[in-house]
Amino acid sequence: MAVMTAAPPAQRIRLESVDVLRGVIMFIMALDHVRDFFGDAAASPTNLATTTGALFLTRWITHFCAPVFFLLTGTGAYLSLKRKSRAELSRFLFTRGLWLIFIETVVLRCLGLQFNFDYQVTILTVLWALGWSMIALGALIHLPVRIVAVFGVVMIAAHNLLDSIQASSFGPLAPVWSILHSPNVIVATPNHMVLVAYALIPWIGVTAAGFALGQIFNWPSERRRAFLLRLGLGLTLAFVVVRAVNIYGDPAPWSAQSSALFTVMSFLNTTKYPPSLLFLLMTLGPAMLLLLMVDGGTPRFLRPALTLGKVPLFYFLLHMTLAHLLAVIICYVRYGAVHWMFESPSPDKYPITPPPGWALPLPLIYLIWAFVVLTLYPLCKWFAGVKQRRSDAWLSYL
């Protein structure tokens, strides 16, 4: 007589290579946000007329973060099909997406970026777009994976055809177009302003492409590595060729500058808001090559990145709050007052209202960045252990 036993609970399936790549970009991402709090808000890192090589490259390296994070969100969704049905995954993506939108508009805005609840200025950024991308993916996953792949690739490749369409063309529906493709102010009253920084169309496409990419982790390692090599080199070569032609793929063409360095900077100075085709080729190509490099195992020097990659949202929220707290402390030491750190800023000075002479030199910003990452690493390691030991449903939302 057969003995019936209860099936063991499904275990979380994690791939080290995906977590390592995610962790690397989380590590780099903190640099950009620390610079937001401590740098000169009036000095755009990508304005070639006023920037320096060091400032430009500090901003440029962080361009890799958002595309990779959206891509791996889709990849992680595909991998979770090993323990979820499509219906279960669809529900999870919907609820998780709503949760991220709430975190962006309440938790991150009030407890991370601005330290106030007046909602005078609200800028909708990465978690907002990631939430809507997950909701959209929750609908797309019911289609064949090839269809999802085509949807994502076409959205990435073709969306720059829409660049000439301005939100004002839609009259009272202008905010809808701003949300979809043309970042702009969608609410403007004497007391409140809401600005969309992350338009949805390109990011939904990247997330869909990431979902299709998840298939390769079902392949034999030799086939997967060969594919990642071809994909990484192909995307990178496509960036160089299309950018050199200078006709399509980005609303801001490059041009020869006064020096070779600044000409290269012009070539690399692609558009993030919304992310152009060339911006995505420039960032996702090298990212695929890094994914290939760690596919066979995690090098010892990248083990800390593996830890961060296992707890991305936990780290994301904490690093924002810690950077702002450090700004409060430094502001008090320098000025004997901190009211600026709690005031809603104008959009051009986001996320804080800087006191006169506030900006720190770039080397000090790098030191603060290192302090933030090193301080949070033990907490991230602890929380990664909690997630490894326990399977509580709420942990999947952090």
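- The backbone N or O of T46 sits less than 3.5 Å from a side-chain atom of N269, completing a donor-acceptor pair.
- Using modelled atom types, no side-chain atom of T321 and backbone atom of L318 make a donor-acceptor pair closer than 3.5 Å.
- The two residues C380 and V311 have their closest heavy-atom pair at CB-CG2, 3.7 Å.
- Surrounding CZ of F94 are at most 12 heavy atoms belonging to other residues, nucleotides or ligands under 6.0 Å away.
- Smallest separation of non-hydrogen atoms from G131 and I101: CA-CG1, 4.1 Å.
- Residues I135 and L98 form a side-chain contact, since some pair of their non-hydrogen atoms from C-beta on lies under 4.5 Å apart.
- Closest of all the heavy-atom pairs between V18 and T75 is CG2-CG2, 4.4 Å.
- Two residues are said to be in side-chain contact when any heavy atoms from C-beta on lie closer than 4.5 Å; H33 and H319 meet this criterion.
- The aromatic rings of W99 and F102 sit parallel, their planes meeting at an angle under 30°, below the 60° perpendicular limit.
- No chain of hydrophobic side-chain contacts below 4.5 Å, direct or via other Ile, Leu, Val, Met, Phe, Trp or Tyr residues, connects V148 to V150.
- No continuous path of ILVMFWY side-chain contacts below 4.5 Å connects L374 to V34, so the two sit in separate hydrophobic clusters.
- A distance of 10.0 Å separates CG of L195 from OG1 of T122, quoted to the nearest 0.5 Å.
- The shortest heavy-atom contact between A174 and A167 is CB-O, 3.1 Å.
- E16 and T298 make their closest contact through OE1-OG1, 2.7 Å (heavy atoms, listed as atom of the first residue, atom of the second, distance).
- Separation of atoms CG (L57) and CE (M265) is listed at 6.5 Å; rounding is to 0.5 Å.
- Not counting sequence neighbours, the partners of F70 by the ring pair (Phe, Tyr, Trp, His ring centres under 6.0 Å) test are W203.
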Side chain to side chain contact (heavy atoms under 4.5 Å, CB included) assessment of N160 paired with L278: CA-CA 10 Å; N160 283 114; L278 285 165; over 6 Å; no
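- Between the side chain of T236 and the main chain of L233, no donor-acceptor pair closer than 3.5 Å is present.
- Criterion: ILVMFWY side-chain heavy atoms under 4.5 Å apart, direct or through other members. Under it, V338 and I330 are part of a common hydrophobic cluster.
- Using modelled atom types and a 3.5 Å distance limit, the side chains of N184 and S178 yield no donor-acceptor pair.
- Within 6.0 Å of atom CE in M293, 12 or fewer heavy atoms from other residues, nucleotides or ligands are found, so the atom counts as exposed in its surroundings.
- By the criterion of side-chain heavy atoms lying less than 4.5 angstrom apart, applied directly or through intervening Ile, Leu, Val, Met, Phe, Trp or Tyr residues, I365 is not grouped with I329; the two fall into different hydrophobic clusters.
- The salt bridge (charged side-chain N to carboxylate O under 4.0 Å, His left out) search around R223 returns none, not counting sequence neighbours.
- The main-chain N or O of K349 is never found under 3.5 Å from a side-chain atom of T353 such that the two would form a donor-acceptor pair.
- Residues I103 and L313 form a side-chain contact, since some pair of their non-hydrogen atoms from C-beta on lies under 4.5 Å apart.
- For the pair F37/L326, no side-chain contact is recorded, criterion being any heavy-atom separation below 4.5 Å from C-beta on.
- Checking side-chain atoms of T62 against main-chain N and O of M29 turns up no donor-acceptor pair under 3.5 Å.
- Annotation: side chain of W128 is not in contact with side chain of L108 (no heavy-atom distance under 4.5 Å).
- Rounding to the nearest 0.5 angstrom, the gap separating the CG atom in L284 from the CG atom in L291 is 11.0 Å.
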Test log, rule side chain to side chain contact (heavy atoms under 4.5 Å, CB included), inputs Y198 and L127: CA-CA 9 Å; Y198 275 63; L127 294 185; over 6 Å; no
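- Outside the 6.0 Å centre-distance limit, the rings of W254 and F262 are not counted as a close aromatic pair.
- Taking all atoms of both residues into account, the shortest heavy-atom contact from A252 to T271 is CB-OG1, 4.0 Å.
- To the nearest 0.5 angstrom, W132 atom CH2 is 14.0 Å from I201 atom CD1.
- Using a 4.5 Å cut-off between side-chain heavy atoms of Ile, Leu, Val, Met, Phe, Trp and Tyr, with links allowed through other members, V333 and L360 fall into different hydrophobic clusters.
- A 4.5 Å side-chain heavy-atom check between Q114 and P345 finds at least one atom pair inside the cut-off.
- Remark: side-chain polar atoms of Y315 are paired, donor with acceptor, to backbone N or O of M26 under 3.5 angstrom.
- No donor-acceptor pair under 3.5 Å is formed between the side chain of W177 and the backbone N or O of S169.
- H181 places a side-chain N or O within donor-acceptor distance of the main-chain N or O of H159, the cut-off being under 3.5 Å.
- With sequence neighbours left out, Y119 forms a ring pair (Phe, Tyr, Trp, His ring centres under 6.0 Å) with no residue at all.
- Other residues, nucleotides and ligands place more than 12 heavy atoms under 6.0 Å from the NZ atom of K84.
- Residue pairs meeting the salt bridge (Lys or Arg N to Asp or Glu O under 4.0 Å) criterion with at least one member in residues 38-61, sequence neighbours excluded: D32-R59.
- In this view, R96 satisfies the salt bridge (charged side-chain N to carboxylate O under 4.0 Å, His left out) rule with no residue, not counting sequence neighbours.
- In this view, P355 and C331, Y335, W340, M341, W358 satisfy the side chain to side chain contact (heavy atoms under 4.5 Å, CB included) rule, not counting sequence neighbours.
- Side-chain atoms of N116 and R109, non-hydrogen and from C-beta on, do get closer than 4.5 Å to each other.
- At distances below 3.5 Å, not a single donor-acceptor pair connects side-chain atoms of S90 with backbone N or O atoms of R86.
- Note that CZ of F56 is 12.0 Å distant from OG1 of T50, once rounded to the nearest 0.5 Å.
- Using a distance-only test at 3.5 Å, with no hydrogens or angles considered, no donor-acceptor pair links the side chain of T283 to the main chain of F64.
- Residues R35 and L55 meet the side-chain proximity criterion, which asks for heavy atoms closer than 4.5 Å.
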Stepwise ring pair (Phe, Tyr, Trp, His ring centres under 6.0 Å) test for F267 and F239: CA-CA 10 Å; F267 195 86; F239 163 71; 5.6 Å; yes
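- Using a 30° and 60° split on the angle between ring planes, H324 and F115 fall in the parallel class, below 30°.
- Note: L137 CG to F151 CZ = 9.5 Å, rounded to the nearest 0.5 Å.
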